[in-house]
Amino acid sequence: MSDRVRVRGVTIHRPIIYGNIAVAIPEEERKNSKNPDHTFRWTVAVRSPTTAADNSADAVGGADDLSYFIKRVTFKLHDTYPTPNRNLDKPPYEVTETGWGEFEIGIRITFIQESGEKALSLHHHLKLHQWGPDGGPTDPTAPPPPPSPHAVHSWQYDEIVFHEPYQSFLNILTSHLPTPLPNIWKKPVPPLQTHQGTISDADGETPQFTTTMEQDEAKRLDAARNSIMTETDKMRLLLIEKEKELEQLKRQVED
Ligand code: SLL
């Protein structure tokens with residue numbers, strides 16, 4: 001079979017996480033820096049979800065090298081940053097910066113050329129503050145809370161789905177299997193689940209993705225599929241009804 005043939009009926013996915021970690025910059029360090037108004041140092045990243053066994057205390061994910069299917073990750077920062085478009089052509093796919101404010105970061109993932117896939121665009125809201133339990137300010141006009149003494153995390157789990165991939169790309173994907181997620185958290189305090197698929201830290205604990213998150217994502221996908229099927233059925237019935245109506249009207253015109 002030619003490599004440029006799409007494999008019909010096959011869907012394959014690769015899990016990723018994207019998000020950020022932020023730490024407050026100590027007063028002393030800020031005073032002596034060229035940007036004393038920059039209160040936080042943060043890192044935005046795209047990684048594999050499983051945390052490496054030899055991770056540093058604050059690491060989240062990153063056990064697998066994703067360059068076998070990702071060619072480039074571009075992070076689009078706020079325009080207040082010099083050269084806001086940051087291209088990463090090899091792992092780690094991350095940008096570390098300092099700043100004072102939260103903003104929306106654009107993330108564009110380009111796949112290896114053999115994939116023939118279009119680039120994927122994602123967004124991540126940079127999180128610097130330990131907001132309330134819902135993960136965001138309850139009152140948008142309220143000032144942010146004081147800098148957390150712990151690292152602040154905000155990560156989103158996602159699955160990149162390749163539908164009917166080219167045979168050569170499928171071969172590449174199947175020869176690189178993602179490291180499975182652990183079933184339970186290594187640490188006793190589970191991360192706060194702020195909203196769908198997102199984790200942040202509870203009490204300064206470094207969050208970790210587990211199979212529970214994977215199962216939750218699968219449940220959400222099932223629910224979405226079911227509601228699409230219900231909608232399709234409704235539309236089909238409506239279409240049949242409208243066709244009948246049309247027939248009737250046609251007959252009336254002919255009569
Ligand atoms: C806000 N809408 O007002 C956001 C904008 C911009 C953050 C946040 C770096 C600035 C620099 C920086 O923190 N920009 O390098 O001077 O909160």
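Just so you know, ligand 1 is whichever comes first in the structure, and atom 1 is the first atom listed for that ligand. Keep in mind that this is a model prediction, so the values were computed, not measured.
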| message | Tell me whether E247 is salt-bridged to K244, with the criterion being a basic N under 4.0 Å from an acidic carboxylate O. | response | no
| task | Flag the pair Y18 / Y93 as yes when their ring centroid distance falls below 6.0 Å, and as no otherwise. | result | no
| message | I'd like the residue list for ligand 1, meaning every protein residue with a non-hydrogen atom under 4.0 Å from the ligand. | response | H38, H78, T80, Y81, G99, W100, G101, E102, F103
| field | Cationic tip of R86 above F75 ring, under 6.0 Å, 45° of axis | value | no
| field | K34 and D37 ion-paired at < 4.0 Å | value | no
| field | Check: F103 ring centroid to Y81 ring centroid under 6.0 Å | value | yes
| field | is_close_aromatic(F40, H129), centroid dist under 6.0 Å | value | yes
